[in-house]
There are 2 protein chains.
Amino acid sequence: MGSIARIGRVAHATLGAQAYESLRDLLIAGELAPGERLSLRTLAERLGTSVMPAREAVSRLVADEALEVLPNRAVRVPVLTLGTFRELTRVRIAVEGFAAAEAARAMEADGLAAIHAHDAAFRREVLASEPDLERGMRANRDLHFAVYRAAGLPSLVTIIEGLWLRIGPVLNLDLRSSRRRLAEGGAQVHHARLVAALATGDGEGARAALAADIAGSADFIETTGRLAP
Amino acid sequence: MGSIARIGRVAHATLGAQAYESLRDLLIAGELAPGERLSLRTLAERLGTSVMPAREAVSRLVADEALEVLPNRAVRVPVLTLGTFRELTRVRIAVEGFAAAEAARAMEADGLAAIHAHDAAFRREVLASEPDLERGMRANRDLHFAVYRAAGLPSLVTIIEGLWLRIGPVLNLDLRSSRRRLAEGGAQVHHARLVAALATGDGEGARAALAADIAGSADFIETTGRLAP
DNA sequence: TGCCGTGATCTGTGATCACACTTAGGCTCG
DNA sequence: CGAGCCTAAGTGTGATCACAGATCACGGCA
């Protein structure tokens with residue numbers, strides 16, 4: 001095979017798209033606290049570009065409601081009220097629960113294998129004596145989205161990504177602040193029930209397990225009392 | 001009442017936001033055909049501004065997947081394949097069906113009155129000897145979103161708007177092309193069942209009626225055979 | 001007559017400048 | 001010594017310019 005054949009895509013990523021994904025990852029990872037203000041020029045300087053790519057990134061994230069512009073035109077990470085958080089949780093249970101149910105019906109072998117791997121990685125981190133929180137949360141995220149992708153409905157995955165983008169800041173900020181959650185919580189129990197239901201094609205079982213998982217972490221967040229009233 | 005009181009919103013709408021809503025309405029109304037290419041400069045000239053607001057509008061719509069950039073960097077209205085259309089329809093039935101079920105449980109008097117009004121307006125247009133298609137479709141849209149808003153889950157309404165934005169071009173293009181659909185179809189029958197279920201708080205009935213309505217219009221679109229293979 | 005090379009034009013992207021507005025800090029005056 | 005104004009720095013928004021790449025049509029060569 002000539003070397004010309006392995007050139008592949010040039011990965012023509014525009015600067016604006018790169019800036020968008022950088023900011024996006026920061027938000028999902030909870031590295032930008034709710035209420036924190038952003039400046040286009042500061043952001044551009046940190047990215048090593050002009051303000052234009054930063055503008056596009058912020059503009060898209062505002063459209064996703066992952067950032068908000070105040071009446072002063074200032075840009076900041078939205079501060080979720082308790083009511084908004086509960087609303088998002090209800091929507092998540094409905095949408096992600098549906099995705100899990102569909103995944104159970106459409107599950108194929110390789111998808112199930114990937115899910116098993118992510119589940120094992122998560123449980124390994126939970127049971128470790130010195131758990132790496134960031135790696136554990138990434139395993140959790142990979143597990144969830146492997147399930148959602150298995151439903152075979154790409155537009156649904158996009159919708160769920162938008163939901164995670166909005167709850168990311170409060171969710172991951174609090175989960176990182178206390179390492180108890182990872183070890184104590186029923187997360188791995190829910191995951192086990194979820195994986196079992198997926199393996200047997202039990203759609204309603206998968207939906208129930210995922211709903212319990214979401215509700216469990218949401219309850220934990222509420223107990224921290226860090227949400228705005 | 002002094003005239004100062006009726007100023008209302010300062011309409012602090014940024015040019016980019018105005019451009020976004022203009023393009024958005026054009027897409028939902030199906031006035032931009034699938035596959036049609038857009039030019040930032042042409043768009044800017046039509047809006048009477050520079051390319052900057054047009055850029056922001058297009059950028060946001062691309063993020064919503066309501067527009068797409070080809071590998072050539074050209075921007076066009078996406079051409080839905082039959083598979084993508086069916087996928088979106090399944091997601092719509094799940095998400096909008098959930099919204100209808102929640103609306104039935106949370107329904108209040110004034111919301112129900114508004115829904116009744118939109119339903120009457122739609123039926124009036126269907127039964128008219130000389131139906132105004134555009135007005136009928138607007139009544140249909142108002143009816144649906146009045147139901148979704150009644151669920152009391154704003155983030156769900158945003159999600160559904162995104163779905164309508166994607167199917168708008170093919171849906172409304174075909175519905176306008178044949179006036180039969182409005183008159184023949186079971187739309188008003190499904191609407192009647194939907195409104196009745198909402199009035200009695202029958203969540204599952206509302207979900208079923210809405211699902212049938214969506215499936216019915218989707219079937220009609222498929223019979224036109226205008227979708228890409 | 002058919003086909004390929006080539007240049008003009010149009011595309012989106014990024015940088016830079018200009019402007020209205022907000023905000024915070026320092027300075028002056030009571 | 002304290003409070004209010006007022007300047008200066010910083011904000012997002014919009015316009016304009018510069019540039020690489022794609023597209024398409026015309027003309028010349030085989």
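First the proteins, then the strands, lettered A, B, ... as listed; each starts at 1. These values consider heavy atoms only, across backbone and side chains, with no hydrogens, waters or symmetry-generated copies.
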Nucleic acid footprint by protein, nucleotides 16-21 of chain D - heavy-atom cut-off 4.0 Å, B for base, S for sugar-phosphate alone: B-B---
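Atom CG in A/L40 sits roughly 20 Å away from atom P in D/dA9 (whole-Å rounding). As a whole-Å value, the separation of A/E56 CD from C/dG14 C1' is 10 Å. To the nearest angstrom, C1' of C/dT11 lies 15 Å from CG of B/L67. The CD atom of B/E45 sits 15 Å away from the C1' atom of C/dT11 (whole-angstrom rounding).
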For a side chain to side chain contact (heavy atoms under 4.5 Å, CB included) check, start with the C-alpha distance between A/L210 and A/Y148, then their side-chain angles and the critical distance, and finish with the verdict. CA-CA 11 Å; A/L210 189 64; A/Y148 306 146; 3.7 Å; yes
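Within 4.0 Å of A/L70, counting heavy atoms only, lies no atom of the nucleic acid at all.
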Show which side-chain atoms of residues 47-61 of chain A pair as donor or acceptor with protein atoms under 3.5 Å away, not counting sequence neighbours.
from, atom 1, to, atom 2, distance (Å)
A/S50, OG, A/M52, N, 3.3

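In terms of the side-chain contact (heavy atoms from CB on, under 4.5 Å) criterion, residue partners of A/E68 (sequence neighbours excluded) are, by chain and number, A/L70, A/R76, A/P78. Partners of A/R149 according to the salt bridge (charged side-chain N to carboxylate O under 4.0 Å, His left out) rule, which considers only residues two or more places apart in sequence or in another chain, do not exist here. Residues that satisfy the side-chain hydrogen bond (donor to acceptor under 3.5 Å, both in side chains) test with A/S155, not counting sequence neighbours, are B/E87. Applying the side-chain hydrogen bond (donor to acceptor under 3.5 Å, both in side chains) rule to B/E161 yields the partners B/R24; only residues at least two apart in sequence or on another chain are considered. When the side-chain hydrogen bond (donor to acceptor under 3.5 Å, both in side chains) test is applied to B/R86, the partners found at least two apart in sequence or on another chain are B/E222.
A side chain to side chain donor-acceptor pair (under 3.5 Å) check over residues 32-41 of chain B, counting only residues at least two apart or in different chains, returns the pairs B/S39-B/T42.
Comparing the end axes of the helix from C/dT1-D/dA30 to C/dG30-D/dC1, each fitted to five base pairs by superposing C1' atoms of four pairs onto the next four, gives an inter-axis angle of 10° (nearest 10 degrees).
When the nearest nucleotides of DNA chain C are assigned to A/R37 and B/A74 by heavy-atom distance, the more 5′-ward of the two goes with B/A74.
Close to C/dG14, at under 4.0 Å from its OP1 or OP2, lies a side-chain N or O of A/T14. A/N72 has no side-chain polar atom (N or O) that falls below the 4.0 Å cut-off from OP1 or OP2 of D/dG12.
Relative ring orientation between A/H191 and A/F122 is described as tilted, the plane-to-plane angle lying within the 30° to 60° band.
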